[in-house]
Structure formats: structure tokens, C-alpha cells
Amino acid sequence: MYFTTYRQIEAAILECTGEETADLGEGGEHADFATPIAFSLAKKQRKAPAAIAAGLAEALGARLAGAGIAVEAAGPYINFHVNDEYVKSAVAAALEPGFGRLPERGERVILEHTSANPNGPLHVGHIRNSIIGDTLARAFRKAGYPLEVQYYVNDMGRQIAIVSWGFDHNPLPAEEGEKPDHHIARVYVAANRAIEADGTITEEVDRLMQQIEAGDPETGRKFREVVSRCLDGFKLTMKHLNVAHDRFVWESDFVRNGDMERVIAKIERLPEARHDGTLSLDLTACGFEKDYVIRRSDGTSVYAARDLAYHTWKSRNFDRAIDVLGADHKLIGSQLQCTLRLLGEKAPEIVIFEFVSLPEGSMSTRAGTFVSADELIAEVTNKAFAEVSERRPELSGEERKGIARAVALAAIRYDIVRVSPEKSTVFNWEEALDFERQSGPYIQYSHARACSILEKAGAFEYAFAFSDPHEIALAKQIARFPATIDRVVSELRPHLLAVYARELADLFNSFYRYVPVLKSEGETRLSRLTLVAAAQKTLKDALETLGIDAIRTM
RNA sequence: GGGCCUGUGGCUUAGCCAGGACAUAGCGCCGGGCUUCUAACCCGGACGCCGGGGGUUCGAAUCCCUCCAGGCCCGCCA
């Protein structure tokens with residue numbers, strides 16, 4: 001409904017003005033839609049904007065009357081108002097199965113996110129990547145794209161060599177019940193301390209690096225063992241966060257299957273290739289001053305070579321690739337894109353998010369200074385359990401636990417996704433543990449209230465008579481859901497959905513407070529119940545697209 | 001030294017890419033609301049020279065320049 005109406009108005013403006021853009025936006029408190037186009041026309045026609053707006057409003061009004069759209073000039077602005085039919089259709093559309101789902105598209109998309117190095121548990125910075133990535137994935141599926149989500153496993157890195165060395169020379173025993181990724185972090189931190197104290201260990205680590213590159217089976221087995229165990233820990237954490245990948249792709253596979261060598265051979269033939277001991281690329285065409293090294297002078301490859309092989313594979317198997325990367329990857333991400341273009345491959349679109357730091361400074365796995373995602377989940381779940389127990393003492397322990405898990409997940413995911421990715425943030429326990437307004441639980445709560453009304457009402461027949469301003473405002477917000485999904489995928493900005501869901505919850509809560517549903521009668525009661533059903537369904541869809549469980553009671 | 005990102009009431013934040021009608025909301029603060037559909041809620045109030053300065057424009061939080069502050073990056077690491 002929103003789309004159709006928007007396009008109707010837009011087309012009418014374009015026809016009436018002959019302009020290329022309608023400059024049409026939402027009208028805020030003034031109208032449902034509005035355009036300031038009279039300003040730009042004023043210059044061309046050398047007339048006062050208000051006079052132009054008045055004339056245009058009349059012409060547009062005549063043209064849009066049939067569509068039930070009222071037009072008025074307000075000074076230089078032209079305002080558009082939808083009618084009752086729009087509100088009715090909006091509510092009816094929301095009740096259809098698959099509301100918010102956009103038409104199927106053929107473009108195959110591959111989305112890579114998280115891809116953290118397996119040398120310690122995921123921390124609160126990593127899960128910003130997971131949550132942005134997973135929310136985007138859910139939005140893409142909702143928007144009708146065939147999508148595959150992948151985790152790129154860096155199993156050939158120096159960090160892994162250090163962990164492997166640690167297990168061979170200083171294998172701290174795992175503590176009772178310790179997750180493998182946490183155990184690996186302790187071994188990694190200890191190995192790094194050992195290296196700082198004794199520089200000769202570096203040579204041993206270098207030897208491991210050469211062995212893995214040369215395909216030494218014993219070293220390969222050891223690396224794979226450590227990485228797999230760390231990944232098992234990651235998978236458990238991501239499961240708790242409702243984050244899913246379709247496939248884990250191992251970096252070393254691109255060495256083993258020859259893809260990396262093929263990419264290197266192709267790079268060697270590029271006119272931008274430089275062969276001065278190393279193999280490197282001159283990327284000045286993309287504005288990079290320094291050469292991009294692909295192969296070391298000792299013949300071993302660098303990370304970039306494997307990543308190029310991976311992205312070449314993506315390019316050939318998908319129509320569109322999207323990578324979610326931390327701000328520290330901005331430069332190498334651009335270099336990767338530039339090189340892929342030189343190779344004639346599709347470059348990925350890159351979603352960058354800025355860093356999460358701690359009040360005392362930046363997080364570092366190596367230094368052991370981080371808040372792990374597991375710790376965060378545990379703390380937030382405890383707090384949520386205490387809250388639920390206080391509010392719903394009549395529920396069983398199991399029921400309260402279930403609600404607490406859902407509430408904790410909502411609090412964590414929403415807290416992270418609601419902030420624009422380009423803002424760097426400082427992790428704050430107080431905010432993480434806040435379940436009030438502008439939080440995930442706040443939105444869940446609105447949904448639970450809607451469910452409660454519907455449950456008490458039992459079966460009823462749909463009706464569509466709306467007159468209260470609260471009803472109309474809520475219906476109009478419901479109508480914006482598909483457009484929001486569309487914006488999230490076209491702009492790659494999942495926080496827009498977080499903002500949308502919160503506004504929907506705000507409007508529902510105001511409606512809930514001022515408009516009695518169960519106590520009203522006749523047509524009014526049926527209509528209000530219908531609106532509650534539409535709001536409940538839209539809140540549920542929005543929550544689920546955010547990866548949050550839409551629990552029916554809390 | 002260079003590049004990218006950010007700077008919006010005490011704190012957090014939307015809007016910025018595609019310039020327009022009194023700058024969004026939350027926390028905190030002040031004041032109200034539970035014999036009424038779940039108060040994880042709702043309503044009212046105070047709090048802003050949108051980092052500073054210049055420019056473009058009829059019009060700038062939004063575009064351009066410059067300065068300041070913070071984050072990230074600039075390796076034959078990943």
C-alpha cells in the first residue's frame with residue numbers, strides 16, 4: 001500500500017511538472033507525503049514558490065482524486081493526505097500471509113560475516129559483525145533474494161601457528177566446563193607472553209608457517225584440530241545469539257585445491273604486476289601508494305592471495321557478494337576490491353562497522369583484554385531471569401528460563417543493531433542490561449501485550465472501521481514495513497529496521513493505553529481486534545527479521 | 001606525515017549519501033498515571049548557537065573548504 005501510493009503520487013508529480021525527480025518524502029506531522037518541489041521550480045519559472053505550489057496542488061489534486069489522495073498547498077509545500085481506504089488496505093495487507101516479503105528475485109547473493117580468527121572466543125566487538133551480518137541476511141531473505149551465508153575460516157594465520165606452538169610447548173589444562181575457544185585464548189595469551197620473553201620462539205612459529213604452506217600433513221592436522229575446536233566454541237556462542245551460517249569455508253582449502261596458485265598466476269600476467277623479489281601489484285590506479293604484496297620473496301603466500309582466491313570463487317558462483325568487515329579492514333578491503341576488478345572479477349560490496357571498545361581502552365585477544373560474548377550472554381540472561389521472576393512469580397522455573405533467554409537475546413541483538421555501523425561505540429554494562437524503552441525487550445513486550453489481547457478475545461471476524469488517531473497512526477506505520485525491508489537491503493543498513501520496529505512498538509503502546517479493545521463493542525471492537533492482529537503480526541515479523549524471538553508472554 | 005569514519009541537550013542516539021516547514025527518540029532530572037486488555041508501559045515539563053570558523057544556496061545538522069577533538073588504518077601480519 002505504501003509503495004503503491006508513493007509511486008502514484010510520484011508519477012503524478014513527474015507528469016505535472018516535467019521534472020526528473022519528484023522530491024517526494026514523508027510529510028511528518030504535516031501530511032502523509034510532501035514535496036518541496038515548488039522551490040526548485042520557482043527558480044526556473046521565476047515565480048513565487050507559494051504560487052507555484054498552489055497551482056500544482058490543484059492539478060495534482062484533480063489527478064489524484066480518483067486514487068483517494070487529497071492534495072493541498074501549504075505555503076510553498078505540497079502536502080498529500082491518504083484517506084480511510086488507505087488505512088483499511090494497509091491493515092488488510094498486513095494480515096495477508098507473507099506481508100513484508102518482497103517479490104522473489106533471481107540475483108544470487110553471498111554474504112560473509114563474522115569470520116573472526118579462531119584464536120580465542122568471540123568478544124563484544126566480533127558479535128557486532130555477527131549481528132549486523134545476520135540481520136542483513138534475514139532482511140535479504142525477506143526481500144526475496146536467494147542467499148548463502150558463509151564464515152571464512154582463517155586457519156593459516158600466524159595466530160594459529162602461535163596457538164599450535166602453545167599446545168605443543170605450554171598446554172595449560174582446560175578448566176572444568178571451560179569452552180574450547182576460551183581455553184585456546186588462554187593458551188594463546190600464554191604463548192604470546194612466552195614469545196615476548198624469548199625471541200627464539202618466533203623462529204619456531206615461522207617454521208610452522210612454512211610447514212603449513214608446504215602442505216606438511218602433521219602441521220596441517222594440528223592446525224585443523226585447534227581451529228575446529230575453537231570453531232565449535234564459536235558455533236555455540238552464535239547459536240545462543242540466533243546467528244547462523246550456511247557454510248564454513250576454510251582458507252587452506254584454496255591452497256590445497258590450487259585456486260590460490262591459479263589466481264597468483266593470473267596476477268603475474270597483469271600489467272600492474274611487479275616482480276622485484278616479491279610478487280606485488282601497483283594499485284596507484286585505485287589511489288593506493290604502496291604496492292600490494294601477493295607473494296613473499298621466500299615464495300610463500302600472504303593472506304591476501306588466499307582471500308583473492310576465495311573472492312574469485314564468490315565472483316564466479318554468485319551474482320553479488322557482500323562482506324561485513326570491521327573498520328580495521330577498510331584499507332585491505334578496498335585493495336581486495338581493486339585487485340578483483342583488475343582481474344575482471346566481481347568485487348564484493350563491503351559493509352564496514354566501526355570498533356567497539358571498553359571504557360579502559362580497545363579490546364585485544366592477545367592481551368586478554370576483552371568482554372567475551374559468552375560472558376555477556378550469561379550476565380544478561382541472569383539479569384533477565386531475575387526480572388522475569390519478579391514480574392511473573394507464578395510461572396515455573398522452566399518457563400521463566402525460556403523467557404529470560406529470549407529477553408536476553410533481544411536485549412543484546414537490539415542494543416548492537418540499533419546503532420549506525422559507522423559509529424564507534426564503547427561497551428557499557430549498564431546499557432547492555434537495560435530492558436526499558438529503546439530496547440529489544442521493550443518491543444517484545446508490545447508484542448506480548450498484543451498477543452494477550454488476541455488470546456483473551458478468541459475467534460473474531462475481521463472488520464475495518466478506523467477513526468481514532470491512534471488507530472490510524474498505527475496502521476500507517478504497519479504499512480511502512482515492506483518499504484523498510486526494501487531500504488535495509490538496498491542501503492545495507494540493518495539499523496533502519498531496528499528504528500522501524502521501535503517506532504511501531506511506540507505507536508502500539510500509545511494505542512494500547514488510549515484505545516480500549518476488549519471493552520469496546522460491535523464493529524468497533526472487531527476493527528480494533530483486527531488492528532491488534534495486524535500489529536502483532538508485523539511486530540513479530542520485524543522482531544524475527546532482527547533475529548529476536550517474538551515471545552507471546554513475558 | 002597521509003587516508004577513512006565519527007562529533008547532535010548531562011549521557012546514549014535518529015536524521016546527513018539523494019539540502020526545505022518548529023532537529024528524532026531514549027536514559028537521567030521535575031511532575032502525573034496501576035480496583036480498567038501484562039506499569040519491561042503511558043502522559044506532561046525543563047534541558048540544543050546539530051564540535052569551532054568560513055563558504056555555496058531563496059533555504060544548511062545535511063553540500064564545499066578549513067581548524068579542533070576522538071576512533072581505525074597505512075607490514076614480505078592476518
Side-chain angles (χ1 to χ4, degrees), chain A residues 21 23 25 27-31 34-40 42-43 48-49 74-77 79 117 119 154 156-160 209 251 277-280 287-291 293-304 306-307 326-332 334 352-355 357 362 384 387-388 390-392 407 410-411 418-426 428 430-431 434-446 448-457 491 495-496 498-499 502-503 505-506 509-510 512-520 528-529 532 553-554:
Chain A
T21 162
D23 212 359
E29 71 219 83
H30 306 282
T35 177
I37 199 168
F39 282 110
S40 47
K43 192 171 254 180
Y77 299 94
N79 291 337
N117 278 328
N119 58 346
N154 306 134
M156 294 183 70
R158 187 164 200 90
Q159 292 96 323
I160 309 309
M209 296 283 288
E251 181 184 7
T278 68
L279 170 64
S280 61
F288 301 114
E289 289 177 10
K290 292 186 180 168
D291 283 355
V293 174
I294 305 294
R295 193 171 55 203
R296 301 186 185 93
S297 51
D298 67 1
T300 59
S301 62
V302 295
Y303 173 82
R306 277 102 66 181
D307 209 15
D328 52 339
H329 287 71
K330 269 187 241 186
L331 178 59
I332 56 167
S334 304
I352 293 287
F353 66 93
E354 293 288 329
F355 266 46
S357 57
S362 57
E387 292 276 335
V388 181
E390 195 173 314
R391 292 164 205 272
R392 305 293 301 278
V407 166
R418 59 180 251 269
V419 182
S420 311
E422 64 270 17
K423 291 223 186 200
S424 44
T425 61
V426 177
N428 177 330
E430 204 181 318
E431 275 171 37
D434 180 11
F435 304 149
E436 297 194 347
R437 282 189 77 165
Q438 300 208 335
S439 75
Y442 167 79
I443 302 165
Q444 282 178 313
Y445 186 68
S446 304
R449 285 175 137 186
C451 289
S452 173
I453 291 178
L454 294 171
E455 190 158 321
K456 290 193 166 115
E491 297 177 28
H495 90 283
L496 295 174
V499 171
R502 195 212 76 225
E503 287 175 347
D506 285 345
N509 282 331
S510 289
Y512 183 93
R513 164 66 180 79
Y514 286 105
V515 185
V517 178
L518 295 174
K519 282 177 184 149
S520 58
R528 287 178 182 169
L529 281 170
V532 172
T553 182
M554 63 189 282

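Protein chains get the first letters and strands the later ones, always in sequence-line order, with residue 1 at the start of each.
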What distance, rounded to whole Å, do you find between the two [atom1] atoms, one in [N] and one in [M]?
N     : M     : atom1 : result
B:A18 : B:G52 : P     : 24 Å
B:U56 : B:U13 : P     : 34 Å
B:G15 : B:G55 : P     : 29 Å

So what does [X] hit on the nucleic acid, given a heavy-atom distance under 4.0 Å: a base, only sugar-phosphate, or nothing?
X        : value
A:Phe435 : base
A:Thr553 : base
A:Glu491 : base
A:Val532 : nothing
A:Asn119 : nothing
A:Phe288 : nothing
A:Val426 : nothing

Which of these nucleotides, [options], is closest to any side-chain atom of [X]?
X        : options             : result
A:Lys43  : B:C37, B:C17, B:U57 : B:U57
A:Glu422 : B:C42, B:A21, B:U6  : B:U6
A:Phe39  : B:U6, B:C42, B:C58  : B:C58
A:Lys456 : B:U6, B:C37, B:A21  : B:C37
A:Glu431 : B:A39, B:U12, B:C43 : B:U12
A:Asn509 : B:C41, B:C37, B:U13 : B:C41

Quiz item: Taking for each residue the nucleotide of RNA chain B bearing the nearest heavy atom, is the 5' side occupied by A:Pro421 or by A:Glu436?
Solution: A:Pro421
Quiz item: Given that A:Pro36 and A:Val499 both sit by RNA chain B, which one's nearest nucleotide is further toward the 5' end?
Solution: A:Val499
Quiz item: Would you say the side-chain atoms of A:Arg392 pair up with the backbone N or O of A:Met554, donor to acceptor, closer than 3.5 Å?
Solution: yes
Could you work out, with side chain to side chain contact (heavy atoms under 4.5 Å, CB included) as the rule, every residue matching [X], not counting sequence neighbours?
X        : result
A:Ser510 : A:His470
A:Glu251 : A:Tyr152, A:Asn154, A:Asp155, A:Met156, A:Tyr303, A:Arg306
A:Arg513 : none
A:His30  : A:Asn79

What pairs with [X] under salt bridge (charged side-chain N to carboxylate O under 4.0 Å, His left out), at least two apart in sequence or on another chain?
X        : value
A:Arg449 : none
A:Glu422 : A:Arg493
A:Asp506 : A:Arg437, A:Arg502

Practice problem: List for me each residue that meets ring-ring contact (aromatic ring centres under 6.0 Å, His included) alongside A:Phe288, sequence neighbours excluded, and say none if there are none. | Solution: none
Self-check item: Sequence-aligned protein contact record of nucleotides 69-78 of chain B, with B where the base is within under 4.0 Å of a protein heavy atom and S where only the sugar-phosphate is
Solution: --BSSSSBSB
Exercise. Compare side-chain N and O positions of A:Tyr442 against OP1 and OP2 of B:C42 and report whether any pair is under 4.0 Å apart.
Key: yes
Quiz item: For B:A40, does either OP1 or OP2 sit under 4.0 Å from a side-chain N or O belonging to A:Arg449?
Solution: no
Practice problem: Test side-chain contact (heavy atoms from CB on, under 4.5 Å) on A:Lys456 and A:Ser452 and set out the steps. | Solution: CA-CA 6 Å; A:Lys456 290 193 166 115; A:Ser452 173; 3.8 Å; yes
Under 3.5 Å, which N/O atoms of the protein pair with N/O atoms of nucleotides 59-61 of chain B?
none

Self-check item: For A:Ser362, all residues meeting side chain to side chain donor-acceptor pair (under 3.5 Å), sequence neighbours excluded
Solution: none
Quick one: which protein N/O atoms are closer than 3.5 Å to N/O atoms of nucleotides 31-33 of chain B? Pair and distance per line, please.
none

Quiz item: When the distance from CG of A:Asp23 to C1' of B:A21 is rounded to whole Å, what number comes out?
Solution: 13 Å
